[in-house]
Asks: 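One structure, pasted below without further comment.
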Amino acid sequence: MSRIHPNAEASRRLLRDGAGAGAAEAAPACYTVWMRSSMGFQGTDGFSVYDAGGELAFRVDNYSRRRKIFAGELTLMDGHGAPLLSLRPQIISMHDQWNCYKAPEEGQAKRARSQQLFSVRKCSVLQNNREAEVYMSSACTSPGFWIEGCFRRRNCKIRRAHDGKEVARIARKKARTPATPDTAPLTLGEDVFSLVVQRDADCTMIMALVVVLDRICWRPYTPLICSS
């Protein structure tokens, strides 16, 4: 099967499809997540995340889906390449845990314990449709958020633990092509999907959760062609 990697102009048309520019202030933030590095090297893995206007909002470059013991630290950046958050696997963990830190500024030590912001732990298969739980500090005994559904199928929700409110949703991306605007929208391959973040949620944190979900729901990177 061939990979779908349209050129920049074509990709912007896809990203704007159904996104609705000029949305009301109260509307959620809509992103399209492209599981490919914005660096564009042949065979490069990564994340390129576009907002509703087709502008690059977040990115992860030089990404590797090797087992976590070899993976090392991942850096979530904004669209201009400024580091936002650092994600690192906890090597000895029963829950496939990843820890998130504020990305260090120039001249700072790479990582300090006091800078840990949250951790993500994979759930047991016995935990009723939950993929992972998010703990907001190492001292927390109960999660602040949980992820339900199936990330590998691009069908999951991120919920706040204390009231169960949905703060973000991941879904398969649908788009109409300019050549066939009147036909049913196409469902894109699993390497392109939609991320909708509610306005009271931290978009940077949610994107970090997406990156970690891709790691703890690990499988080889095999992008698919569009299917109807």
Side-chain angles (χ1 to χ4, degrees), residues 3-41 44-63 74-85 87 100 102-103 145 147 151 154-158 165-214 221 223-228:
R3 299 188 178 190
I4 54 169
H5 294 312
N7 60 37
E9 187 57 36
S11 68
R12 285 175 185 251
R13 289 197 297 266
L14 289 174
L15 303 176
R16 286 194 292 264
D17 184 75
E25 185 179 347
C30 299
Y31 298 98
T32 294
V33 182
W34 206 301
M35 294 181 65
R36 184 194 186 200
S37 170
S38 61
M39 301 297 287
F41 299 130
T44 303
D45 235 343
F47 286 85
S48 300
V49 185
Y50 298 88
D51 62 20
E55 299 298 325
L56 187 63
F58 300 103
R59 64 191 238 206
V60 177
D61 296 329
N62 300 324
Y63 179 72
L74 304 177
T75 301
L76 175 65
M77 299 176 285
D78 66 16
H80 301 289
L84 300 172
L85 297 175
L87 306 168
C100 177
K102 180 181 178 182
F145 299 86
I147 297 97
F151 177 78
R154 308 297 185 246
N155 180 25
C156 59
K157 299 174 184 177
I158 301 172
K165 180 182 177 182
E166 179 184 319
V167 296
R169 177 183 298 225
I170 295 166
R172 295 290 294 271
K173 178 72 177 179
K174 296 180 181 292
R176 289 183 172 86
T177 63
T180 56
D182 298 326
T183 61
L186 298 174
T187 299
L188 303 183
E190 294 178 358
D191 57 336
V192 183
F193 56 91
S194 296
L195 173 65
V196 178
V197 183
Q198 298 303 316
R199 65 187 181 95
D200 57 347
D202 183 336
C203 294
T204 301
M205 175 185 173
I206 297 299
M207 189 57 220
L209 297 182
V210 172
V211 176
V212 173
L213 281 171
D214 184 61
Y221 177 59
L224 304 176
I225 60 172
C226 300
S227 59
S228 57

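Bear in mind that the values here come from a model prediction, so they are computed numbers and not experimental data.
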Asks: Is any side-chain heavy atom of L195 less than 4.5 Å from a side-chain heavy atom of M207?
Replies: yes

Asks: So, R172 side chain and L188 main chain: donor-acceptor pair closer than 3.5 Å or not?
Replies: yes

Asks: Nearest 0.5 angstrom please: D78 CG to C203 SG, how far?
Replies: 13.0 Å

Asks: Can you see which heavy atom on M35 is nearest to which on E190, and at what distance?
Replies: SD-O, 4.0 Å

Asks: Return the CZ to CD1 distance between R169 and I158, rounded to the nearest 0.5 Å.
Replies: 11.5 Å

Asks: With rounding to the nearest 0.5 angstrom, report the CG to CG distance, L76 to D61.
Replies: 10.5 Å

Asks: Between atom CD1 of I147 and atom NZ of K157, what is the distance when rounded to the nearest 0.5 Å?
Replies: 14.0 Å

Asks: First locate atom OG of S194, then atom NZ of K174, and finally report the distance between them rounded to the nearest 0.5 Å.
Replies: 9.5 Å

Asks: Contact between F58 and M77 at the side-chain level, heavy atoms closer than 4.5 Å - yes or no?
Replies: no

Asks: Looking at P83 and T75, what are the two nearest heavy atoms and their distance?
Replies: CB-CG2, 3.8 Å

Asks: Just jot down the side chain to side chain contact (heavy atoms under 4.5 Å, CB included) partners of V196, sequence neighbours excluded, or say none.
Replies: P28, C30, Q198

Asks: Can you name the residues that form a side chain to side chain donor-acceptor pair (under 3.5 Å) with K165, not counting sequence neighbours?
Replies: D200

Asks: Measuring only between side-chain heavy atoms, which start at C-beta, is I170 closer than 4.5 Å to L213?
Replies: yes

Asks: Has S48 got a side-chain atom pairing as donor or acceptor with R36's backbone, closer than 3.5 angstrom?
Replies: yes

Asks: Are any of the side-chain heavy atoms of V210 and F151 separated by less than 4.5 Å?
Replies: yes

Asks: What distance separates L56 CG from Y31 OH, expressed to the nearest 0.5 Å?
Replies: 11.5 Å

